[in-house]
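This report concerns only the one structure given below.
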Amino acid sequence: KQEVTQIPAALSVPEGENLVLNCSFTDSAIYNLQWFRQDPGKGLTSLLLIQSSQREQTSGRLNASLDKSSGRSTLYIAASQPGDSATYLCAVPSGGGADGLTFGKGTHLIIQP
Amino acid sequence: SAVISQKPSRDICQRGTSLTIQCQVDSQVTMMFWYRQQPGQSLTLIATANQGSEATYESGFVIDKFPISRPNLTFSTLTVSNMSPEDSSIYLCSATSVAAKNIQYFGAGTRLSVL
């Protein structure tokens, strides 16, 4: 059964810092990995999807890397801003032929102005 | 991208009653899913909603408790039956397609409180 772990569980930093959020998964037979953002009282917003054949994906100040063999992914946030405050979730396909996702518990990020 | 609308956005229900949540996608999608997010927890997959056939449920979830319908490519419903306070959660619908390169898009969720 696929399990996803995210470290740290919470992070509070001053504005402008560069951040790294970590995600690990137990079953490396995945075909993609997705990073989401969840704001309080709202649904999930997809940030980046990395295919298993890719090593990284970039969108603006966000960069996600994938090391499938070691079961790890990182989300790098450059020059953090207060608007980046949210919970960041990592998810991989659950496996067994299903396309539903298994999520980590998330990293609750606060960027202090 | 796909825009997903869920109704209702929130509800407060009495123990023993049932609530049906609707999910509408603005474009045809291949796969639709239902998730539960219990207070302070991450998302857990309930089931895959299959068009025109019975949903595929994850371990720990059963059709009698969470009946799901998907009559076409853009619409699905989830019913939470015979509710108890333990069913108080956020229920989210998601959808994806090959055209969307398997990116999963989510609705805003339905916040359910059971008294």
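Protein chains get the first letters and strands the later ones, always in sequence-line order, with residue 1 at the start of each.
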Q | Shortest non-hydrogen contact from Ala55(B) toward Ala47(B) | A | CB-CB, 4.4 Å

Q) Passes side-chain hydrogen bond (donor to acceptor under 3.5 Å, both in side chains), Ser88(B) versus Ser113(B)? Steps please. A) CA-CA 5 Å; Ser88(B) 298; Ser113(B) 296; 5.2 Å; no

Q) Between Gln104(B), Arg111(B), Gln6(B), which shows the greatest number of heavy-atom pairs under 4.5 Å with chain A? A) Gln104(B)

Q: Mind listing the closest non-hydrogen atom pair of Val29(B) and Arg70(B) along with its distance?
A: O-NH2, 2.9 Å

**Q.** Toward chain A, the part of Leu92(B) with a non-hydrogen atom under 4.5 Å
**A.** side chain

Q: Supply the atom-to-atom distance Ile30(A) CD1 to Phe25(A) CZ, rounded to the nearest 0.5 angstrom.
A: 3.5 Å

Q: Name the option with the most non-hydrogen atom pairs under 4.5 Å to chain B; the candidates are Val4(A), Leu44(A), Leu49(A).
A: Leu44(A)

Q: Check the surroundings of atom CD1 in Ile63(B): do more than 12 heavy atoms from other residues, nucleotides or ligands lie under 6.0 Å from it?
A: yes

Q. Does Lys105(A) NZ have over 12 foreign heavy atoms under 6.0 Å away?
A. no

(Q) Quick check on Gln37(B) against chain A: is it the side chain, the backbone, both or neither that has a heavy atom closer than 4.5 Å? (A) side chain

Q. Using a cut-off of under 4.5 Å for heavy-atom pairs, which of His108(A), Gln34(A), Gln38(A), Gln6(A) has the most such pairs with chain B?
A. Gln34(A)

Q: Using a cut-off of under 4.5 Å on heavy-atom pairs, state which of Ser94(B), Gly107(B), Ser42(B) scores highest against chain A.
A: Ser42(B)

Q: With a 4.5 angstrom heavy-atom cut-off, could you sort out which part of Leu101(A) is near chain B: side chain, backbone, both or neither?
A: both

Q.
Give the interface residues of residues 8-18 of chain A toward chain B, defined by a heavy-atom separation under 4.5 Å.
A. none

Q) For the residue pair Phe106(B) and Phe103(A), does the interplanar ring angle fall in the parallel (under 30°), tilted (30 to 60°) or perpendicular (over 60°) class? A) perpendicular

Q: Mind listing the closest non-hydrogen atom pair of Ile103(B) and Thr96(B) along with its distance?
A: O-OG1, 2.9 Å

**Q.** Flag, side chain of Thr26(A) to backbone of Glu3(A), donor-acceptor distance under 3.5 Å
**A.** yes

